[in-house]
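Below you'll find the structure, written out as C-alpha cells, and then a few comments.
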Amino acid sequence: MTHAHITTWVVALILFVVAIVLQSKGHEKTKTLHMLLRLFYVFIIATGAWILHSMSSFPFLYIIKVIVGIWVIGTMEMILVRTAKGKNTNILWLQFFVAFVVALYLGFKLPFGFSFFS
Ligand code: HEM
C-alpha cells in the first residue's frame, strides 16, 4: 500500500509540473489538468489514510508526516492558483521544496515500505 501512496504523489508531481508549464504558456488545457491534479490530492490523502488505518497507535512523527504531506498539497494548489492570478509565488515555492523534502525524508524514515533513512 505504500507503493500505491508513492504512485499517487509521483503522478501528482508530474501533473503539477506539466500544469505549471502549460499555465506559463497560457494553454487552455491547464484547467482540466488542474482538476485532475485535485483528484490526485484526494488519492494521496486516501492512500496515506489507508496506511494509517492499519496502525493501532500514532507516534508523533506520523502526525508530523501527515501535516507535512498536507502542507505539500496546499503549496501545490496555492502556487497554481496564485500564478493564474499573476501573484508572487516565491515564498510558496520555497515552502513547497522544504515541505516536499521533509515529506520524503519522514516517509522513507518511518517503518512502512522503504526505510532509506533509518
Ligand atoms: C505530496 C505529499 C506527500 C508526499 C511527497 C509523501 C511521501 C511519502 C513517502 C516517500 C513515503 C514512504 C513510502 C515508503 O516508505 O514506501 C510516505 C509514507 C507515508 N505517508 Fe506520505 N506523502 C505525502 C502525503 C501524505 C499525506 C497527505 C498523508 C496522510 C493522509 C500521508 C501519510 C503517509 C503515511 C502514514 C506513510 C507511511 C509512513 C511509513 O513509512 O511508516 N502522506 N509518504
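Worth knowing before you read on, the calculation uses all heavy atoms, side chains too, and leaves out hydrogens, waters and symmetry mates. One-based numbering along the sequence shown. Atoms within a ligand are numbered from 1 in the order they appear, just like the ligands themselves.
Of the N or O atoms in F114, one or more lie within a sub-3.5 Å distance of an N or O in ligand 1.
Ring pair Y105/F117 is tilted by interplanar angle, where 30° to 60° counts as tilted.
In this structure, the separation between CE on M78 and CD1 on I91 is 11.5 Å, given to the nearest 0.5 Å.
The nearest heavy-atom contact from the protein to atom 1 (C) of ligand 1 is V72 CG1, 3.5 Å. Atom 40 (O) of ligand 1 has its closest protein heavy atom at F112 O, 2.8 Å.
Residues forming a side chain to side chain contact (heavy atoms under 4.5 Å, CB included) with T2 (at least two apart in sequence, or on another chain): I51, F112.
Heavy-atom contacts from other residues, nucleotides or ligands closer than 6.0 Å to CZ of F116 number more than 12. For W50, the CH2 atom is loosely surrounded, since the number of other residues' heavy atoms within 6.0 Å does not exceed 12.
Note on atom 21 (Fe) of ligand 1: protein N, O or S atoms under 2.8 Å away count 2, no waters included.
You'll find the ring centres of F100 and W71 outside the 6.0 Å limit.
In summary, the atoms of ligand 1 found under 4.0 Å from a heavy atom of L104, numbered by their order in the structure, are 10 (C). Taking every non-hydrogen atom of I6 and a distance limit under 4.0 Å, the qualifying atoms of ligand 1 come out as 13 (C), 16 (O).
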